[in-house]
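Side chains are part of it too, since the values below use all heavy atoms of this structure and drop only hydrogens, waters and symmetry mates. All chains are named by letter (A, B, ...) in the order of the sequence lines, taking the proteins before the strands, and each is independently numbered beginning at 1.
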There are 4 protein chains.
Amino acid sequence: MSTEQGMRLRADAQRNRDQIIAAATQAFLDEGTEHPMEEIARLAGVGIGTLYRRFPDREALVRAVAQDNFGALADEARAAIAEEDTSWDALVRLLGRSRVLRLSLRLSLLSPATWHTIHDDPLIVRHRTDILELLDEIVRGAQTEGTLRPDVGTGDIAVLGTLLLRQGPGKEEMLTRALSLMLDGLRASPGTPLPGRSIGLQDLITSMQKT
Amino acid sequence: MSTEQGMRLRADAQRNRDQIIAAATQAFLDEGTEHPMEEIARLAGVGIGTLYRRFPDREALVRAVAQDNFGALADEARAAIAEEDTSWDALVRLLGRSRVLRLSLRLSLLSPATWHTIHDDPLIVRHRTDILELLDEIVRGAQTEGTLRPDVGTGDIAVLGTLLLRQGPGKEEMLTRALSLMLDGLRASPGTPLPGRSIGLQDLITSMQKT
Amino acid sequence: MSTEQGMRLRADAQRNRDQIIAAATQAFLDEGTEHPMEEIARLAGVGIGTLYRRFPDREALVRAVAQDNFGALADEARAAIAEEDTSWDALVRLLGRSRVLRLSLRLSLLSPATWHTIHDDPLIVRHRTDILELLDEIVRGAQTEGTLRPDVGTGDIAVLGTLLLRQGPGKEEMLTRALSLMLDGLRASPGTPLPGRSIGLQDLITSMQKT
Amino acid sequence: MSTEQGMRLRADAQRNRDQIIAAATQAFLDEGTEHPMEEIARLAGVGIGTLYRRFPDREALVRAVAQDNFGALADEARAAIAEEDTSWDALVRLLGRSRVLRLSLRLSLLSPATWHTIHDDPLIVRHRTDILELLDEIVRGAQTEGTLRPDVGTGDIAVLGTLLLRQGPGKEEMLTRALSLMLDGLRASPGTPLPGRSIGLQDLITSMQKT
DNA sequence: TATGAATGAGTATTCATTCAT
DNA sequence: CATGAATGAATACTCATTCAT
């Protein structure tokens with residue numbers, strides 16, 4: 001929930017901003033990014049005017065929420081690298097443990113319009129690049145360890161990761177099992193060679209720009 | 001694109017109906033289920049009044065599109081069972097090959113509002129039940145064959161299936177590889193036992209009602 | 001429910017026409033003259049196309065209904081004169097007894113738009129003129145009899161009559177009593193002279209054209 | 001044109017509200033309660049959004065106008081009691097003099113739909129009850145004075161009153177004469193006994209709930 | 001001729017955004 | 001600065017009327 005901006009805000013203004021981001025995040029997750037601005041202001045306990053003073057239009061708010069969440073996800077990736085013993089553990093943690101962060105990207109999936117809004121924002125691009133580079137570090141580490149099959153690329157993993165970033169039919173346990181199944185497919189010495197060639201970090205970044 | 005209704009429509013009316021469903025499906029996929037009704041009518045080449053004569057409000061249209069697509073998915077499952085040699089092949093085909101059908105379920109994911117619209121419709125419920133029962137047949141067949149690990153349930157597979165029903169970062173090849181990774185995790189004699197207990201057909205149906 | 005038109009219709013066409021008029025009369029009374037044309041067609045048991053073949057637009061239908069009812073009211077006035085022993089009795093009957101006919105004019109009161117529609121129609125004008133002339137005959141008769149105070153004009157009576165042409169708070173008995181009270185005020189040798197001068201037949205006709 | 005609500009509005013908002021009520025009252029009287037909302041907003045000199053902020057739909061506006069007018073009618077009844085020397089005079093004033101107020105109730109008569117909208121509103125019900133109780137006070141006073149025939153009830157008078165609450169063929173003078181005729185029928189020592197039994201306050205209230 | 005499908009102008013209503021208090 | 005009132009463009013939906021079957 002950090003400001004991510006150059007200028008510091010007065011304490012109360014910062015509190016308002018945080019409440020708005022929190023309310024918007026929740027509303028976007030529950031009701032989609034088209035949710036009425038006035039309702040978001042109400043949930044945040046501020047007037048609609050205050051919301052607009054901080055975020056000049058809906059796009060700005062969506063961007064801010066996305067920046068906030070992507071930044072947190074990058075932080076989580078750094079923490080996973082720092083705190084886990086092996087790269088495999090870091091990978092498992094990143095794909096599986098960060099419940100809240102997992103919600104992050106759902107934002108970008110809720111509506112086609114939102115995708116366009118988010119896509120080009122410089123700060124978001126930087127966070128995304130950070131995340132992918134951190135993931136790349138983990139992936140190569142795990143392949144060096146011999147725990148991750150060598151024919152997958154960082155992009156493959158990222159794809160699997162984004163697949164998990166949705167409400168499935170719902171239950172947490174289900175996603176946990178799905179993750180296990182996927183990780184079983186990722187372990188070194190798997191059954192079948194993968195089709196196509198490894199999707200690397202750069203492939204993924206390129207594809208995000210084009211899509 | 002079949003009518004799915006009791007009464008036959010006049011030939012031209014049926015054609016209009018089909019065009020509307022087709023246009024709406026496309027518009028919903030491209031732009032989300034909030035896309036302006038007038039634009040959908042225009043894409044279908046009919047007047048706005050014609051659209052509303054057939055579908056009294058947006059919900060009715062969303063429901064009709066969903067019915068159409070879920071029905072086609074059930075048909076595809078039946079075809080997979082009938083035409084593939086092994087249950088494993090049927091599973092691979094169902095998870096991976098039905099490009100168009102895969103788009104089906106994306107509809108239910110585009111917005112929380114859409115989910116509510118679709119959730120209780122009797123015909124959709126029936127299609128969904130059919131799909132799950134057909135999948136159950138495939139899963140048990142594959143386990144009998146010894147090609148599918150015995151500790152996964154139909155629900156586990158369904159979760160994986162829905163995970164694929166999204167635009168990932170985009171590319172088809174990426175999803176193909178992701179599927180391969182998943183299928184590797186599904187083959188008999190995997191590395192690790194799965195956490196929790198097998199998610200069966202009934203678990204899934206129950207969870208869909210509660211969520 | 002007579003045709004009131006030059007050309008005879010085929011038997012089934014006439015039946016359709018009558019059903020439409022009946023349905024429209026009922027719908028207008030129950031729901032107002034803005035009631036959807038399609039619903040009126042349905043009530044009449046015909047297709048919307050048939051309704052429009054007979055009545056090219058809503059105005060035509062409203063006019064036809066009004067013609068039908070005003071014509072019946074003129075008939076009733078003639079019958080009252082022919083069948084009642086005294087002019088006073090004819091007056092009482094006309095103001096009070098013609099339950100169905102009383103509903104006639106409510107049509108002209110339901111909406112300002114309807115009033116304009118009806119106002120200038122030649123056939124309606126003729127019916128209205130007939131009604132007023134018949135009423136004039138009754139009024140002068142009653143004054144000659146000495147049963148009606150001499151300082152009221154035909155227009156005064158007509159005003160009282162139209163006042164009754166509404167659903168009051170509802171009950172029939174209430175309107176009957178109201179009529180009695182009014183008639184008590186109309187009897188010869190009343191308490192107070194009326195303000196203004198007698199409103200005659202011509203005054204009323206003139207005022208209808210101007211309003 | 002008073003607010004009739006708990007919370008005070010900002011001065012400018014109150015002014016807008018009053019203008020809207022005034023414009024709507026006029027438009028409803030001239031053109032009926034189906035008159036386009038946008039036109040009403042224009043007449044009030046506000047944007048359509050402002051109208052909808054204050055009155056969330058047409059029903060709310062109709063209700064507000066009715067509340068406003070019925071309230072004013074109750075006030076007029078109170079003033080008549082307070083300011084007139086005799087109950088008879090109060091009755092005459094109430095039935096005859098309140099030009100503007102007389103228009104009040106026309107609102108409830110314009111369309112069947114409007115009637116439903118208004119019928120159950122608690123504030124309107126209270127105003128209506130107030131009006132009837134005040135009228136009851138006047139009626140009993142006039143009967144005690146000996147100026148009003150004893151065989152009429154408050155309900156009879158109310159029925160006469162509502163009969164006047166319409167545009168007759170139009171002219172003011174006509175209605176004045178009609179009122180005189182009615183009042184002549186109401187004076188003590190009339191010619192004929194009334195049919196049925198006196199319609200009392202409670203009869204009327206009951207009939208309003210049932211109709 | 002009867003039918004009901006198609007059309008699109010007309011209205012109600014919502015909600016993003018601006019602006020006065 | 002915070003607030004919430006005002007605005008009007010965008011959109012959903014209705015229904016009179018026309019036209020193909």
- Message: Rounding to an integer number of Å, can you tell me how far Ile40(A) CD1 sits from dA16(E) P?
- Response: 8 Å

- Task: Tell me which of Glu59(C) and Tyr52(B) sits closer to the 5' end of DNA chain F, going by the nucleotide each one is nearest to.
- Result: Tyr52(B)

- Message: Using a distance-only criterion (donor-acceptor N/O pair, under 3.5 Å, no hydrogens), is the base of dA5(F) paired with the side chain of Arg53(D)?
- Response: yes

- Query: Within a strict 4.5 Å, meaning less than it, do heavy atoms of the Asp68(B) and Thr25(B) side chains meet?
  - Reply: no

- Roughly, in whole Å, what's the span from CZ in Arg17(A) to C1' in dA2(F)? 17 Å

- Query: Does a salt bridge link Glu38(C) with Arg42(C), judged by any charged N lying under 4.0 Å from a carboxylate O?
  - Reply: no

- Here the distance between atom C1' of dT18(E) and atom CG of Asp57(A), to the nearest Å, is 13 Å

- Message: Distance check needed: dA20(E) P versus Gln14(D) CD, whole Å only.
- Response: 21 Å

- Where the side chain of Arg54(B) meets the backbone of Leu61(B), is there a donor-acceptor pair that is under 3.5 Å apart? no

- Between Gly47(A) and Glu38(B), which has a closest nucleotide on DNA chain F that is more 5'? Gly47(A)

- Counting side-chain heavy atoms from CB outward, which of dA16(F), dA16(E), dC13(F) is closest to Met37(A)? dA16(E)

- Message: With a 4.0 Å limit, can you tell me whether Arg54(D) has a side-chain N or O closer than that to the phosphate oxygens OP1/OP2 of dA6(F)?
- Response: yes

- Going by heavy atoms in the side chains, are His116(D) and Glu59(D) under 4.5 Å from each other? no

- Can you tell me how far P of dT13(E) sits from CZ of Arg58(B), to the nearest Å? 18 Å

- Query: Less than 4.5 Å apart, any side-chain heavy atom of Thr33(A) and any of Thr117(A)?
  - Reply: no

- Message: Just N and O in the side chain of Thr50(D): are any of them under 4.0 Å from OP1 or OP2 of dT7(F)?
- Response: yes

- Query: Mind checking who dT21(E) pairs with, Watson-Crick or G-U wobble, both distances under 3.5 Å?
  - Reply: dA2(F)

- Note on the structure: Between Ile48(C) and Val46(B), the residue closer to the 5' end of DNA chain E by nearest nucleotide is Ile48(C)

- Note on the structure: From CD of Glu39(C) across to P of dA16(F) the rounded distance in Å is 11 Å

- So does Asn16(A) get a side-chain nitrogen or oxygen closer than 4.0 Å to the phosphate oxygens (OP1/OP2) of dA2(F)? yes

- Interatomic distance where CD belongs to Glu34(C) and P belongs to dG10(E) [whole Å]: 16 Å

- Task: Using whole Å, report how far CD of Glu31(D) lies from P of dT11(E).
- Result: 12 Å

